[in-house]
Amino acid sequence: MIVYTDPYFNLKQIALSGQCFRMTETGSGVFEIIAKERWLRAKQCRDTVVFFCGRQEFESCWKQYFDLETDYGAIIRKIDSSDAYLCRAAQRGKGIRILRQDLFEMIITFLISQQNNIPRIRRCIENICRRYGRLCRTPEGREYSGFPKPEALAGASEQELLECNLGYRGKYVLDTAARIADGRFSLEELQKMDKAKAQEKLTELYGVGKKVAACAALFGLHHLEAFPVDTHIRQAVEKHYPGGFPEKYKEFQGVLQQYIFYEELFPENTGDLG
DNA sequence: ATCCAGGAGTGAC
DNA sequence: GTCACTCCTGGA
């Protein structure tokens, strides 16, 4: 087990930030996270997080997953001190980090997220994981399902995906998984691509528009300048930045988007430190 | 009941 | 390029 202390790392805030749908709080401050086919339990108390895993797994997997090498304090210090709204949002959501999640998982996840609510997004994802993901076991022997590989999802039928509760999004997921599985669409190329170009390329996928592409780039490619605009963000930006979101934040505006999102959806005391 | 939720595709103009 | 309409579903 690994003990890690950082004032800019809060599991509860990350869980509420809407970037990870397979992270659940199973007890007070205790979280279980599934990423690809890996499972982790971690417990937070104030600024300290205990990872229930070995040094090797922490170093090779979770340290990177939680982006622990990036200095989020440095990002927050770049916020204009005269911008009271952004300062407050960042202060409240300072424990959020941009997780380095799997690109395919992010594309499918945010395809499902469109015109959808969080509890149902979770259910949809669990459904496809149970049906098409590899069955795995926690160190204690409990079963869980990994996120399906492109080939596994590509082998689904539209009817089956309907049964997984995906609704009209099923055909998007099916076509996208098929194109990635058979190589018509290369995720490897996307990794090497210029950042602006990568988002444009993502929208070539059936069912992927600007918003989903931005989410996939931010959470799956760690392109911090990707700025997903949903209804909440659009309203907040219109209200606080009538001239548009400041250009000076461009290279890390995806992080700021997370702070704004958290501030708008969880104002005041909800979702505070665990 | 109607509306809308963390959108995108399609066709009409 | 910009509408208006539609797509499943469930919760308010």
Side-chain angles (χ1 to χ4, degrees), chain A residues 12-24 89 92-93 96-99 101 103-131 153 156-180 184-185 198-241 245 253-267 270-271:
Chain A
K12 185 155 196 162
Q13 291 181 3
I14 291 169
L16 290 173
S17 71
Q19 53 178 308
C20 175
F21 295 90
R22 305 197 79 194
M23 179 170 179
T24 54
R92 287 203 58 246
I96 299 171
R97 312 178 79 87
I98 307 296
L99 303 184
Q101 300 187 78
L103 180 56
F104 177 68
E105 190 168 334
M106 292 299 96
I107 294 171
I108 299 302
T109 293
F110 288 97
L111 267 177
I112 291 170
S113 81
Q114 65 180 243
Q115 206 65 17
N116 209 343
N117 54 64
I118 292 170
R120 194 176 148 217
I121 295 168
R122 284 212 149 82
R123 281 202 302 278
C124 289
I125 293 172
E126 287 314 308
N127 289 342
I128 62 171
C129 286
R130 263 200 295 275
R131 195 149 183 171
L153 263 186
S157 70
E158 211 172 314
Q159 178 56 37
E160 286 172 2
L161 292 179
L162 221 58
E163 289 166 18
C164 289
N165 218 357
L166 298 203
Y168 70 92
R169 307 160 194 84
K171 56 182 179 293
Y172 299 159
V173 168
L174 197 54
D175 186 70
T176 290
R179 291 181 56 174
I180 292 170
R184 276 174 293 164
F185 191 94
Q199 276 184 65
E200 201 182 314
K201 183 77 180 171
L202 277 164
T203 64
E204 288 178 11
L205 291 167
Y206 186 38
V208 176
K210 286 183 69 170
K211 199 273 184 178
V212 173
C215 288
L218 181 56
F219 306 125
L221 291 167
H222 207 74
H223 290 176
L224 299 187
E225 71 272 47
F227 193 78
V229 178
D230 56 50
T231 53
H232 297 102
I233 296 295
R234 186 175 44 74
Q235 284 172 25
V237 169
E238 279 171 2
K239 182 174 176 185
H240 300 280
Y241 307 96
F245 195 68
Q253 61 186 358
V255 179
L256 305 182
Q257 187 267 12
Q258 287 295 97
Y259 299 146
I260 293 172
F261 183 82
Y262 183 76
E263 172 71 8
E264 293 300 318
L265 265 72
F266 307 102
T270 57

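Convention: sequence-line order gives letters A, B, ...; per-chain numbering from 1. These numbers were taken from a predicted model, which means no experiment stands behind them.
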For DNA chain B, the residues among residues 205-216 of chain A that have a non-hydrogen atom under 4.0 Å from it:
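Residues of residues 205-216 of chain A under 4.0 Å from DNA chain B: A/Leu205, A/Tyr206, A/Gly207, A/Val208, A/Gly209, A/Lys210, A/Lys211, A/Val212.
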Donor on one side chain, acceptor on other, A/Gln19 and A/Ser17, under 3.5 Å:
yes
Rounded to the nearest angstrom, tell me the gap between atom [atom1] in [X] and atom [atom2] in [N].
X: A/Ile121; N: B/dG7; atom1: CD1; atom2: C1'; answer: 11 Å
X: A/Leu202; N: B/dG7; atom1: CG; atom2: P; answer: 17 Å
X: A/Leu265; N: B/dA5; atom1: CG; atom2: P; answer: 11 Å
X: A/Ile107; N: B/dA8; atom1: CD1; atom2: C1'; answer: 16 Å
X: A/Gln114; N: B/dT10; atom1: CD; atom2: P; answer: 12 Å
X: A/Leu174; N: C/dC7; atom1: CG; atom2: P; answer: 20 Å
X: A/Ile108; N: B/dA8; atom1: CD1; atom2: P; answer: 14 Å

5'-to-3' dot-bracket of DNA chain C (Watson-Crick, G-U; under 3.5 angstrom; crossing pairs as [ ]; | other strand):
|||||||.||||
Measuring from [X]:[atom1] to [Y]:[atom2], what's the distance to the nearest 0.5 Å?
X: A/Ile112; Y: A/Ile125; atom1: CD1; atom2: CD1; result: 5.5 Å
X: A/Arg123; Y: A/Asn117; atom1: CZ; atom2: CG; result: 7.5 Å
X: A/Gln258; Y: A/Arg97; atom1: CD; atom2: CZ; result: 13.0 Å

Of A/Phe110 and A/Tyr172, whose nearest nucleotide on DNA chain B comes first from the 5' end?
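That would be A/Phe110.
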Table of protein N/O atoms under 3.5 Å from nucleotides 8-11 of chain C N/O atoms:
unit_1 : atom_1 : unit_2   : atom_2 : d
C/dC8  : O4'    : A/Tyr168 : N      : 3.2
C/dC8  : O2     : A/Arg120 : NH1    : 3.1
C/dC8  : O2     : A/Arg120 : NH2    : 3.0
C/dC8  : O2     : A/Arg169 : NH1    : 3.1
C/dC8  : N3     : A/Arg169 : NH2    : 3.3
C/dT9  : O4'    : A/Arg120 : NH1    : 3.3
C/dT9  : O4'    : A/Arg120 : NH2    : 3.4
C/dT9  : O2     : A/Arg120 : NH1    : 3.1

Inspect the surroundings of CD in A/Glu163 and state if more than 12 heavy atoms from other residues, nucleotides or ligands are less than 6.0 Å away.
yes
Does atom NZ (A/Lys171) have a neighbourhood of more than 12 heavy atoms from anything else shown, all under 6.0 Å?
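Check passes, neighbour count above 12.
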side-chain contact (heavy atoms from CB on, under 4.5 Å) partners for A/Ala156, two or more places apart:
A/Tyr132, A/Glu160, A/Leu161, A/Leu174
Do the rings of A/Phe110 and A/Phe219 sit parallel, tilted or perpendicular, given the 30° and 60° boundaries?
parallel
Quick one: sort the A/Tyr168 and A/Tyr172 rings into parallel, tilted or perpendicular, breaks at 30° and 60°.
perpendicular
Under 3.5 Å between N/O atoms: give me all the protein pairs with nucleotides 1-5 of chain C, atom names plus distance.
none

I'd like to know if the side chain of [X] and the backbone of [Y] have a donor-acceptor N/O pair within less than 3.5 Å.
X: A/Arg169; Y: A/Gln114; result: yes
X: A/Gln253; Y: A/Glu225; result: yes
X: A/Arg120; Y: A/Asn165; result: yes

Between [M] and [N], how far apart are the [atom1] atoms? Round to whole Å, please.
N: C/dT6; M: B/dC4; atom1: C1'; value: 15 Å
N: B/dG6; M: C/dC5; atom1: P; value: 23 Å
N: C/dC8; M: B/dG11; atom1: P; value: 16 Å

Pick base, sugar-phosphate or nothing for A/Ile118, based on heavy-atom distances below 4.0 Å to the nucleic acid.
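Answer is base: heavy atoms of A/Ile118 come under 4.0 Å of a base.
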Set of residues satisfying salt bridge (Lys or Arg N to Asp or Glu O under 4.0 Å) with respect to A/Lys201, sequence neighbours excluded
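Salt bridge (Lys or Arg N to Asp or Glu O under 4.0 Å) check on A/Lys201 returns A/Glu204.
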Output yes when A/Arg22 and A/Glu105 qualify as a salt bridge under the 4.0 Å nitrogen-oxygen rule, no when they do not.
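Judged by the 4.0 Å cut-off on N to carboxylate O distance, A/Arg22 and A/Glu105 do not form a salt bridge.
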